[in-house]
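First the structure, in the form of structure tokens, and then the observations on it.
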Amino acid sequence: MAITEREQRNSHSWIHSLRAAVWLEWQTRGNWTNPWLFTLYILGKPISAALVLVFMYEVVSGGKVNTMILGYLIVGAATWAFVDTVMGEFPRTVLSDREEYAMLKYVYIAPHRFITFLIGRAAPRILMAAVAFTVTLIIGVVFLKIPIHIFSINYLLLTVTMLIGFISLIGFGVAFAGLALVLKRGAWDMSTAISGALYLVTGAIFPITILPGFLKDIALVIPLTYWIELTRRAVLGYSSPGMPSGWAITLFYQIITTILVTTIAIIAYYICEHFARERGQLDRVTGN
Amino acid sequence: MTATQLYPGAPAIQTIDVRRVYKSRSGFTFGGQKAGKSVTALDGVSLTIQKGELFGLLGRNGAGKTTLIKILTTLLSPTSGEAYVDGLDVNKYVIPIRKKIAMVSGGEQSGYGILTVREQLWMFAQFYGVTSQAAHKKIDQLLEAVGLGDQANQKVYALSTGMRQRMNLCRALVSDPEILFLDEPTVGLDVEASRIVRDYVRSWMQEKPGRTVLLTTHYMFEADELCDRVAIINHGQIVAQGETDDLKKGLQEHARFQFELSEWAPAFEEELKQSRGVVSAQTMNKKGKVSVQIALENEEYITSAMQTISSAGGHVLTLRRIEPTLEEVFMRLVGNSDEDKAAGEDEV
């Protein structure tokens, strides 16, 4: 039996949707100003965050700078750009599409899984964060003399841990997007609050060994902890206190926790979506 | 019919005893109903809309129109009852239903402002799997048809309300849906923009047999002009449904006519009242124009009524039959039910 044009086009619609979502995010991110200002916007936040940490460290250390610790801070701050830009924007995408553009309901009733649209929207943000990550590291090397040698970087490990890291970021982001569908008050601040909490416990700026016992246990079930650690090992070549000593076992933990967290996150998203549809929250405008 | 099914000849839309109850933490009012912890937006709605119909759902604000559309477009789950779109259960076949439908809501400033009109439409075409080439061709056709050809490359944020609504109509149609849901599509639009939307909806229906539209509106003339059949919903219940002419006829107990006469004569009214088959007669003299409105037991008595006027010395200039409007039907049904409800509440 011949496939009709409608059937044929619908069989490919999720790919089209993904592509269109990527394109939409790129347009909404980059089309609001001229390219120079947009570049400054992409780079400004992670660089200034890294410099704040460096200045704080310099003040605390009384000017006796340890480049290894400086490297630890810079790589942690650079990696965190992915968390802020990729994960943190998932709930904001839901909220702005629903409240600002009033388009969420139309996108939602298109013949794709809404989760596909959300993942598509995240893709350009990964690219933006990658640029910020690279520039922050370059500034660290050139101006702060952190010990990164371009030929010593373990690029294979960096690539693998980054790819797995993106999966966990998308997993977290999808779960927060689900929460944004059902939450009303405070939904805009949710990602900032959660991101702040993760910043403290995942070893982004200090080793997890200084955390209280229960927080350390929490840190060890969060894939971001292993991701940041493996990024440091790939870039700097040394490990952090409190983490497994071998890169292979650390990567194994990253994979296991990523599978666990991402599975839970997707289930959580679908539960939230179910409740949002059940309660009629998909097209509400809260004014918050 | 209880099973979820897809069968040839299924109605475009079918609802069976659909109820929707909203639960809230704090009290608020919904469609005039005082709400404590729950509000019944739909209360046993049963409708069948055949393919190819332009069906109107009429009701006041908060009557339950939008809630029904949300259920049928898979935005909202019904609390109980069954709802089918093209024979597919809305609770089970969400994605297959979405391939067949599109929706436009009025009274909102929706759109990704940063995109151009063309970009926004292209993006939605992508969501529905339309190839870029086919999408651009379709976009050109649609924009020309609704008078937005010159705005194709304009940013959405720069569009007026009317233009944005026309763009939204194009957004819904760019995927060539089988069933189109229009939720008060002309609310807040000026006369010209409303006319363009109505005209295009009508021509879109005529383009391809089998296309179906469910239109909700509280503009009675709009429903009268566009719809093959209508249902009137009030407090979440369907209080009447049928072809517009049938609903009007159902309202009209007597045949009503209006004469315009050349001159005033006091005897006309009394003579007419005593004439055979005349239920009532009322003479009006307004700005020198004399007219008589009469109600007859049935239209066959019009000849004898005219003879009565002639024999009384009157000269008939014009004669027209007075048809009840959909608005009168609506007011009779909704107004009465409100009075009943109010009376009921008073009694309690």
Side-chain angles (χ1 to χ4, degrees), chain A residues 4-33 93 96-114 116-117 120-121 181 184-185 273-285, chain B residues 20 22-25 41 66-67 70-79 90-91 94-105 107-116 119-120 122-132 134-135 155-157 164 168 171-172 175-178 181 183:
Chain A
T4 65
E5 186 193 349
R6 180 180 289 276
E7 284 167 341
Q8 193 174 25
R9 79 187 198 193
N10 285 337
S11 68
H12 299 294
S13 68
W14 73 269
I15 299 172
H16 284 84
S17 286
L18 192 72
R19 193 180 67 172
V22 171
W23 175 84
L24 172 64
E25 183 67 16
W26 186 250
Q27 293 298 314
T28 53
R29 290 278 156 179
N31 221 355
W32 54 272
T33 186
T93 298
S96 61
D97 276 23
R98 189 178 70 196
E99 314 261 339
E100 190 183 342
Y101 303 122
M103 290 301 287
L104 188 108
K105 63 180 172 184
Y106 300 117
V107 173
Y108 185 80
I109 65 163
H112 52 217
R113 298 280 170 200
F114 188 59
T116 308
F117 174 77
R121 293 286 295 268
L181 286 174
K184 189 174 152 187
R185 289 188 175 82
E273 188 187 309
H274 171 78
F275 278 115
R277 190 173 166 222
E278 193 88 0
R279 295 174 184 168
Q281 294 170 315
L282 288 165
D283 67 333
R284 71 176 173 187
V285 177
Chain B
R20 172 67 212 191
Y22 287 101
K23 289 179 181 164
S24 68
R25 287 181 193 158
T66 301
T67 299
K70 282 188 193 178
I71 288 171
L72 293 167
T73 54
T74 72
L75 269 174
L76 180 68
S77 303
T79 305
V90 294
N91 282 323
V94 170
I95 298 291
I97 286 174
R98 289 175 182 172
K99 288 175 183 174
K100 296 168 183 284
I101 64 167
M103 174 177 66
V104 179
S105 297
E108 61 183 24
Q109 290 282 313
S110 58
Y112 292 103
I114 204 80
L115 303 182
T116 66
E119 287 170 340
Q120 171 128 303
W122 172 83
M123 185 182 72
F124 269 88
Q126 295 300 294
F127 290 161
Y128 287 81
V130 182
T131 61
S132 278
K155 298 272 188 190
V156 171
Y157 69 77
R164 204 179 273 226
N168 278 328
R171 191 233 334 118
S175 60
D176 192 18
E178 293 170 34
F181 295 90
D183 189 12

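Here is the naming used below: chain letters follow the sequence lines, and residue numbers restart at 1 for every chain. Values in this document were obtained by computation on a predicted structure and should not be read as measured data.
Minimum heavy-atom separation, A:A102 to B:S110: O-CB, 3.2 Å. Closest approach of B:R20 to A:G280, counting heavy atoms only: NH2-N, 4.4 Å. Nearest approach of B:F127 to A:A20, heavy atoms of both residues: CE2-CB, 3.6 Å. Closest of all the heavy-atom pairs between B:K99 and A:P111 is CG-CB, 3.5 Å. Contact record, B:F124 with A:Y106: CE2-O, 3.7 Å, taken as the closest heavy-atom pair. Across every non-hydrogen atom of A:M103 and B:G111, the tightest pair is SD-N, 3.2 Å.
For the atom pair A:K105 NZ and B:D183 CG, the distance stands at 7.0 Å (nearest 0.5 Å). The OG1 atom of B:T79 sits 7.5 Å away from the CD atom of A:E278 when rounded to the nearest 0.5 Å. Atom CD1 of B:I95 is separated from atom CZ of A:R113 by 4.5 Å, given to the nearest 0.5 angstrom. Taken from OH in A:Y101 to CD1 in B:I114, the straight-line distance is 7.0 Å, to the nearest 0.5 Å. Separation of atoms CD1 (A:I109) and CG (B:L75) is listed at 5.5 Å; rounding is to 0.5 Å. Interatomic distance, OH of B:Y128 versus NE2 of A:H112, reported as 8.0 Å (0.5 Å rounding).
When heavy atoms are compared at a cutoff of 4.5 Å, B:V94 approaches chain A solely by way of its side chain, counted from C-beta outward. Heavy atoms of B:E119 lying under 4.5 Å from chain A belong to its backbone as well as its side chain.
Considering only heavy atoms from C-beta on, B:V130 stays 4.5 Å or farther from A:H16 through its side chain.
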Q: Under the side-chain contact (heavy atoms from CB on, under 4.5 Å) rule, what do A:L24 and B:L115 come out as? Steps first, then yes or no, please.
A: CA-CA 8 Å; A:L24 172 64; B:L115 303 182; 3.7 Å; yes

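Interface remark: of the candidates B:M103, B:Q120, B:R171, B:R171 forms the most heavy-atom pairs closer than 4.5 Å to chain A. With chain B as partner, the option from A:T116, A:L18, A:D97 having the largest number of non-hydrogen pairs under 4.5 angstrom is A:D97.
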